[in-house]
Each structure stands twice: as C-alpha cells, then as structure tokens.
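Structure record follows, encoded as structure tokens.
Note: hydrogens, waters and symmetry copies are ignored here, and every other heavy atom, side chains too, is used. Given the structure is predicted, the values throughout are model-derived calculations rather than measurements.
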Protein chains: 2
Amino acid sequence: MSQRPPLTRERIIETALHLIDGQGLGRLTMRRLGDSLEVEAMAIYHHLPHGKEQLLEQLIAYVAAHPVPPGNGAPRDRLRDWAHGYRDRLLEHVGVMPLIVTRRNPGALLATTQSLEDLLRTAGRTEAQAAVGAHTLLGYLLGTVALEARERAAETTPDDLDWEGRFRAGLDGVLTGIA
Amino acid sequence: MSQRPPLTRERIIETALHLIDGQGLGRLTMRRLGDSLEVEAMAIYHHLPHGKEQLLEQLIAYVAAHPVPPGNGAPRDRLRDWAHGYRDRLLEHVGVMPLIVTRRNPGALLATTQSLEDLLRTAGRTEAQAAVGAHTLLGYLLGTVALEARERAAETTPDDLDWEGRFRAGLDGVLTGIA
DNA sequence: ACCTGAACACCGTTCAAGT
DNA sequence: ACCTGAACACCGTTCAAGT
C-alpha cells in the first residue's frame, strides 16, 4: 500500500488549486477534495475548522498576493514588469479569478495595493494620487484579465488574438495616466 | 385571496434580481425564488427550461447590456458619460457583478463592446486601436467597480471615501491613453 | 490528535400526475 | 398550457465515535 503523505493545510490548498485548474471552481466540493486527498471530506475540517469558507479565503490569499518586488529601475518599468507578472499568475489560475474579483477579502489585495501606492509615492505622487493610481492600475489589470479569461473560454473570438499585446497597449495608456 | 400576477419570464427575472439585491447572490435558490413568486420552484422550469443556468444568463443580459447611446458630442465626453452611467447601473445591482465579470456570456458584453469600438473608430482610431481601447476602458470599468464593491462591503476603509471622484480621476487617465 | 460514519438540512433537477 | 408532489443525486456541515 502506498503511504499517503500526511494531511496538512498546505497540501489541502495545493490540491484544491489543482482541482480548480483542472475542472473549474464549480467542481470544487469538500467531498471531491477529500477524494483527491484520499481522505474522507470531514477530515479537512480538522485542518480548516471554518470549512469551505476558510478554504476559499486561503485560495485567494495564495493566488492574489503579488506585491511589487523591491528594485530601483524607473517606476514605469517596474510597474509594467509587475503587471505582466501578475497577469501571468492570474491566467495560470483562472478558475480562482471569480473569487479574487468578487469576494470581500481585505487582506489578500491589501499588500499588493499598498506596494503599488508606496512605489507611486516614491515616484513623487501625492498620497491621494498614489491611491487613485494604485486603484486604477489594479482595476484595469483585474478587469482586463477577467475579460480575457471570459473571451478565451467562450472561444467566439479567433484564438490567434495577441492578448499580451493588447494588454501591454492598454497598460501603456493606463500608466501614462497615472505614473 | 389576493390573485397573484401570472408567472412570466420577466417577472421571474425581476424577482430574482430583487432577491439578489436584497440578500446576495448566494441566497438565490430556485426554491427561495419560487417562494418569492408564490409558486413551487418547479413551476419556474416551465418558463426557463434550462433552469438556473438560463436564469443567470438572463440576469447578466439584463444588467450588463449598456451600449453607448447615439449622440454627437466630443467622443471623450460621450465615453465619460457612458462610463458613469454604467458604473451607477452596476452598483445598483452589485450582487450580479460576479456573474458579469466571470461567466462566459458572449452576447451580453458584445453589444456594449461593439458600441465602444464604433465610437472610437468614428473618432479616427484604427480598427486595432479601437479594439484595444474598448477592451481597456471596459476592463478598467469592470475591474474598478468590482474593487469598489469589494471594499465597500468589507467596510475596512472609511465610508466617506469619494469613490466617484476616484473613478473619474482614474477614468481620465484611461481616456487620455485611448481616446 | 487525527480521522471516520452516520445523519441533517439543504441544493438543482426529473418526471409523472393533476387541472 | 401551466403548475404540483414526490423522488433522486448531490451539497456543506455537525457530532459522536473510533484509533
């Protein structure tokens, strides 16, 4: 008999993410997650006492936390690099997008937002300008990635569309407006 | 006995929307919707044969369809007016946002997207520029409204924040980038 | 401490039956 | 044509019990 690895919170999150990436958010159930972990569904509650709610919060935190890394390049270049990296990460885990965009989870996006505001302030913006800029950039990013995911899934648009080019072009417009 | 109005598709949609606005998307169930309509849940299937899936599609179509109205002002002003109107509409039915942002529903946003592209082409942009511009603007709008709804619900930020001002400021940045 | 089994209150949906 | 009642296969979760 193959010994299965011990059940840990980390393994639960990773397995859940794997399940979502493979089958979609709608098919993530406690019972199915239990099956994937080779355990009864109820065992999960021992590691996540607040059940599915807590599981989803953990998934959001895992995928959405993506602050701007430290660096000393031009602000505009740093923001552009960060944005492309974040887009890649979100597209890797498209199934979690609905949670990130709509669930209230103050913590998850807070670190990201604040790192954006810090960068903008360092670049000479006022507090208020930095707040608006961070909100604008993050809103553009989440919104366009959500649209891209939607349209890719619908497959009503030609598949050879240069999504990254479109993203970069729109991003340049946004960056011009804020940074 | 109060005669109840006949069950129609329209009345189902409106009641569902009322239920979502009041109690949230999570509490929209066929059984509860039936209760609100003073009818057994199964009666709904007679008007919406594809069940809940079809109901959600109808809700998206109802709320998300919001093309730019005809007019002959400056393109930038028309886009700004449209954006503020759309934001108001989405905030009125915040509970439907998760569906609009994440469900694949080609039709619902198509009319809106095309009206944006038309306006931008009329304003002298190339086909490609118009496509990117429409995508950027719609992405910004959906993303920031989703963020706003999230943060308002979380109530972790002070409530006197000038959300509309922030939206307008970010919008100006985006419009500068595309129009 | 960690996991299981049975049970409870919910879902969406099908299908035969009523009017 | 329009609606109901009973039933089915699923949910998330609680709780006592096992080791």
Side-chain angles (χ1 to χ4, degrees), chain A residues 1-62 95-96 98-99 102-105, chain B residues 1-62 95-96 98-99 102-105:
Chain A
M1 297 277 101
S2 68
Q3 288 290 71
R4 67 166 156 63
L7 198 55
T8 63
R9 193 191 277 221
E10 230 189 355
R11 213 161 72 78
I12 295 171
I13 309 291
E14 278 162 11
T15 307
L17 201 57
H18 190 255
L19 222 160
I20 293 176
D21 290 341
Q23 312 199 48
L25 185 57
R27 288 187 62 80
L28 173 66
T29 70
M30 298 302 270
R31 285 169 155 96
R32 245 190 294 262
L33 181 53
D35 281 350
S36 293
L37 292 160
E38 291 178 79
V39 101
E40 293 301 311
M42 298 73 200
I44 298 167
Y45 287 81
H46 202 269
H47 300 266
L48 295 170
H50 294 88
K52 195 168 187 182
E53 193 72 15
Q54 193 176 4
L55 174 63
L56 299 182
E57 295 301 311
Q58 299 282 330
L59 287 171
I60 297 174
Y62 187 94
V96 190
L99 301 177
T102 59
R103 285 239 150 193
R104 41 184 129 77
N105 181 334
Chain B
M1 295 278 98
S2 68
Q3 287 290 69
R4 67 165 157 64
L7 199 55
T8 63
R9 195 191 276 221
E10 231 190 353
R11 213 162 71 77
I12 294 172
I13 309 290
E14 279 162 11
T15 307
L17 202 57
H18 190 256
L19 222 159
I20 292 175
D21 290 341
Q23 313 199 61
L25 185 58
R27 290 188 61 80
L28 173 67
T29 70
M30 298 303 270
R31 286 170 155 96
R32 246 191 293 264
L33 181 55
D35 282 350
S36 293
L37 291 162
E38 293 178 76
V39 102
E40 294 301 312
M42 298 74 201
I44 299 168
Y45 287 82
H46 202 267
H47 300 265
L48 296 169
H50 294 88
K52 194 167 186 181
E53 192 72 16
Q54 192 176 5
L55 174 63
L56 298 182
E57 296 301 311
Q58 298 283 329
L59 287 171
I60 297 175
Y62 186 94
V96 190
L99 302 176
T102 58
R103 285 238 150 192
R104 39 183 127 77
N105 180 338

Point to revise | Whole angstrom value for the distance that separates P of D:dG12 from CG of A:L56 | key: 10 Å
Review point. Under a cut-off of 3.5 Å for both distances of each Watson-Crick or G-U pair, what dot-bracket string does DNA chain D give, using [ ] for crossing pairs and | for inter-strand pairs?
Key: ||.|||||...|||||.||
Validation: residues 7-14 of chain B side-chain donor-acceptor distances under 3.5 Å, sequence neighbours left out:
{"from": "B:T8", "atom 1": "OG1", "to": "B:R11", "atom 2": "N", "distance (Å)": "3.1"}
{"from": "B:R11", "atom 1": "NE", "to": "B:P6", "atom 2": "O", "distance (Å)": "3.0"}
{"from": "B:R11", "atom 1": "NH2", "to": "B:P5", "atom 2": "O", "distance (Å)": "3.1"}

Check your understanding: D:dC3 C1' sits how many Å from B:R11 CZ, rounded?
Key -> 13 Å
Practice item. Quick one: pull up CG in B:L48 and CG in B:L55 and give me the separation to the nearest 0.5 Å. Key: 6.0 Å
Review point. Which of residues 16-31 of chain B sit near DNA chain D, with a heavy atom under 4.0 Å from it?
Key: B:R31
Within the sub-3.5 Å range, which N or O atoms of nucleotides 16-19 of chain D have a protein N or O partner, and how far apart are they?
none

Exercise for review: Measure from CG on B:D35 to P on C:dG12 and round the result to the nearest Å.
Suggested key: 12 Å
Check your understanding: Expressed in angstrom and rounded to an integer, what is the separation of A:R32 atom CZ from D:dA9 atom C1'?
Key -> 12 Å
Review point. Sequence neighbours excluded, which residues qualify as side chain to side chain donor-acceptor pair (under 3.5 Å) partners of A:E57?
Key: A:N105
Review point. Taking DNA chain D as the partner, which of residues 39-51 of chain A come within under 4.0 angstrom of it by heavy atom?
Key: A:M42, A:Y45, A:G51
Review point. Which distance, rounded to the nearest 0.5 Å, do you find between the CG of B:L25 and the CG of B:L56?
Key: 7.0 Å
Check your understanding: How many Å lie between NZ on A:K52 and C1' on C:dC11, as a whole number?
Key -> 12 Å
Study note, to complete from the structure: Here the salt bridge (Lys or Arg N to Asp or Glu O under 4.0 Å) pairs for residues 44-55 of chain B, sequence neighbours left out, are B:E53-B:R103
**Study point:** Closest non-hydrogen atom pair between A:T102 and B:P98, with its separation
**Key:** CG2-CA, 3.4 Å
Check your understanding: How far does OG1 of A:T15 sit from CD1 of A:I20, to the nearest 0.5 angstrom?
Key -> 11.0 Å
Only distances under 3.5 Å count here; give the side-chain donor-acceptor pairs of residues 28-35 of chain B to other protein atoms, sequence neighbours excluded, each with its distance to 0.1 Å.
{"from": "B:T29", "atom 1": "OG1", "to": "B:R32", "atom 2": "N", "distance (Å)": "3.0"}
{"from": "B:R32", "atom 1": "NE", "to": "B:R27", "atom 2": "O", "distance (Å)": "2.7"}

